[in-house]
Amino acid sequence: MELAAVVQNAQALLYMERYVDEGAKTYSPFAGQTEAAPRYCPESDEPFFELVTVNAPRDRVSVFQAHPSPGLLEHFVRQQGVLFPVHPEIWANETIEGLAEISGFPREAPIKVAPTASTRTVLALEHPRECPDHFIKLHYPVRISRFNRELRRQNIHNSVAVSRDLANLRFEKFAYLPDALGITFGIDEKSWGFLVREARPRPFIENRFLIPCFALYAGDLKHPDACPLLVQMIARLAVEPASFVIREIFTPIVECWAAAARERGILLESHAQNTLLEVDQDLIPRRVVHRDFDVWVDLEARKRAGLEMPFLGRGMAADTDEAIKQHYSLVYDLFIGHHFFDYVLRVLKSHYTIDEEIVRAQVRNVFHQSFPDADRFFPARTMFSFRNEPSPSLKPVLEDMQQEPVWR
Ligand SMILES: Nc1ncnc2c1ncn2[C@@H]1O[C@H](COP(=O)(O)OP(=O)(O)OP(=O)(O)O)[C@@H](O)[C@H]1O
Ligand SMILES: [Mg+2]
């Protein structure tokens, strides 16, 4: 893809989500795997597919809100019932619990959508004029990458609660796509449903454009000879590659991550699929936009900061000091360092002469300045990963990689 298309072509974001991810999913043995049917995968050639929708009675659903725009709320939560979309592959699966009852409700018009890079979050291609652009994140209980992609009450409740909480994180280079509305069918713990993510970053600034971070370094499936967007950007802006990437990508991501963790106990999973670089009309990077807030929360950190606890569940899976450290390491060292920063550095190395150790040392510096008491939260001199369990149904177990974390 040509970099200029980012600002010239309204379809560019969707194109990057779907086709500029070549070579990016090698960070684990599961990363490139999916059980989703090929036509629903981002890289399919189908321009769109349709979500099945029903009109669900108000008293049969739970509604969660993070200040959705009124037009969005009215589109889904109506006087006569709630517009409840279901992924077509799930609709066709009779074994899905609750579906028998849902399919008995009156059908509404289908929603034309296209998948984004995560497969289970789709972009609505059509909607009423009063309703802003949005993505819909769906219950899609098939294995995509490492996990079975269920979207149950706790995932939905917490995604919306974190979206609300992030309004308090004020940082010049931080913005986010809020999961502004969440709906589950039913009220029990097992109930499932969907999230609606507004496409407009908060806080909103006009004339800005988004590039999913993986598309900065990944290949273009449809144009195998295209130069990575990051390399095109460096040439166009005539900047020094290493300092540009440190300043515009690594530093804001590390600083925002540390601020969210330290100030609010929220461990943003700022990997390359959950972050988007926001550029202005001249393709100059301005902010990093974050998405996907079904994340771990360090409840102890929030307690210490005197913050409210609007979340379901125990936050982290375990609450011993050691387990908390493992989670901090998993999210920062593995998701951000290994799954994202390593890839950016590799592209730099393959196009320019750079000293990668100097780059990492500068990022480590930024990390320690942003997180001065990191030693209390992270394991010393090692990092954690998921154990590569053969069975995806087992709860993920973390294991010590016995490897120096090179980005902290
Ligand atoms: N470069 C990438 N890095 C990480 N994940 C990627 C990348 N490209 C695509 N993905 C896909 O994105 C998903 C990442 O999982 P994650 O849990 O962050 O997202 P999600 O919760 O499914 O959806 P969303 O981010 O839309 O809320 C996986 O399905 C993975 O295959
Ligand atoms: Mg994600």
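In listed order, ligands and their atoms are each counted from 1.
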*For the Mg ion (ligand 2): the N/O/S atom of D292 at shortest distance*: OD2
*Which of the ligand 1 atoms, numbered from 1, are nearer than 4.0 Å to a heavy atom of Y217*: 1 (N)
*asked:* So that I know where these two stand, are F311 and H157 an aromatic pair - ring centroids less than 6.0 Å apart?
replied: no
*When you measure from atom 26 (O) of ligand 1 to each heavy atom in T34, D21, T121, which option holds the nearest one?*
T121
*Any N/O/S atom, backbone or side chain, of T121 lying under 2.8 Å from the Mg ion (ligand 2)?*
no
*So which protein heavy atom does atom 7 (C) of ligand 1 come closest to, and at what separation?*
Q273 CB, 3.8 Å
*asked:* I'd like to know if T116 contacts ligand 1, where contact means a heavy-atom distance under 4.0 Å to any ligand atom.
replied: no
*When you check the gap from the basic side-chain N to the acidic O, do K349 and E356 get nearer than 4.0 Å?*
yes
*Taking the six-membered ring for Trp and the full ring for Phe, Tyr or His, determine whether the centres of Y332 and F367 are under 6.0 Å apart.*
yes
_Taking 4.0 angstrom as the limit and counting only heavy atoms of R197, give me the atoms of ligand 1 inside it, by number and element._
24 (P), 26 (O), 27 (O)
*Would you please determine whether T119 falls within less than 4.0 Å of ligand 1 on a heavy-atom basis?*
no
*asked:* Is S118 close enough to the Mg ion (ligand 2) that one of its N, O or S atoms comes in under 2.8 Å?
replied: no
*asked:* Within ligand 1, which atoms have a heavy atom of K137 less than 4.0 Å away?
replied: 20 (P), 21 (O), 23 (O), 24 (P), 27 (O)
*Name the option, out of R149, R143, H271, E269, that contains the heavy atom nearest to atom 17 (O) of ligand 1.*
R149
*asked:* Centroid separation under 6.0 Å, is that true for the rings of Y40 and H87?
replied: yes
*Has the side chain of S370 got a donor or acceptor atom that lies under 3.5 Å from a matching backbone atom of A258?*
no
*Can you figure out which of F30, F214, F147, Y27 has its heavy atom closest to atom 30 (C) of ligand 1?*
Y27
_Pair K303 + E300: basic N to acidic O under 4.0 Å_ = yes
_So, applying ring pair (Phe, Tyr, Trp, His ring centres under 6.0 Å) with F76, which one of F64, F194, F84 is it?_
F194
_For a 4.5 angstrom cut-off between non-hydrogen side-chain atoms, does F340 reach F335?_
no
*Would you mind listing which atoms of ligand 1 come within a distance below 4.0 Å of any non-hydrogen atom of A24?*
1 (N)
*Salt-bridge test for R408 and D333: reply yes if a basic N is under 4.0 Å from a carboxylate O, no otherwise.*
yes
*Number the atoms of ligand 1 from 1 as they appear, then name those within less than 4.0 Å of a heavy atom of A117, with their elements.*
9 (C), 11 (C), 12 (O)
*Can you pull out the closest protein heavy atom to atom 29 (O) of ligand 1? Residue, atom name and distance to 0.1 Å, please.*
I144 CG2, 3.3 Å
*So, for F30 and F147, is the gap between ring centers shorter than 6.0 Å?*
no
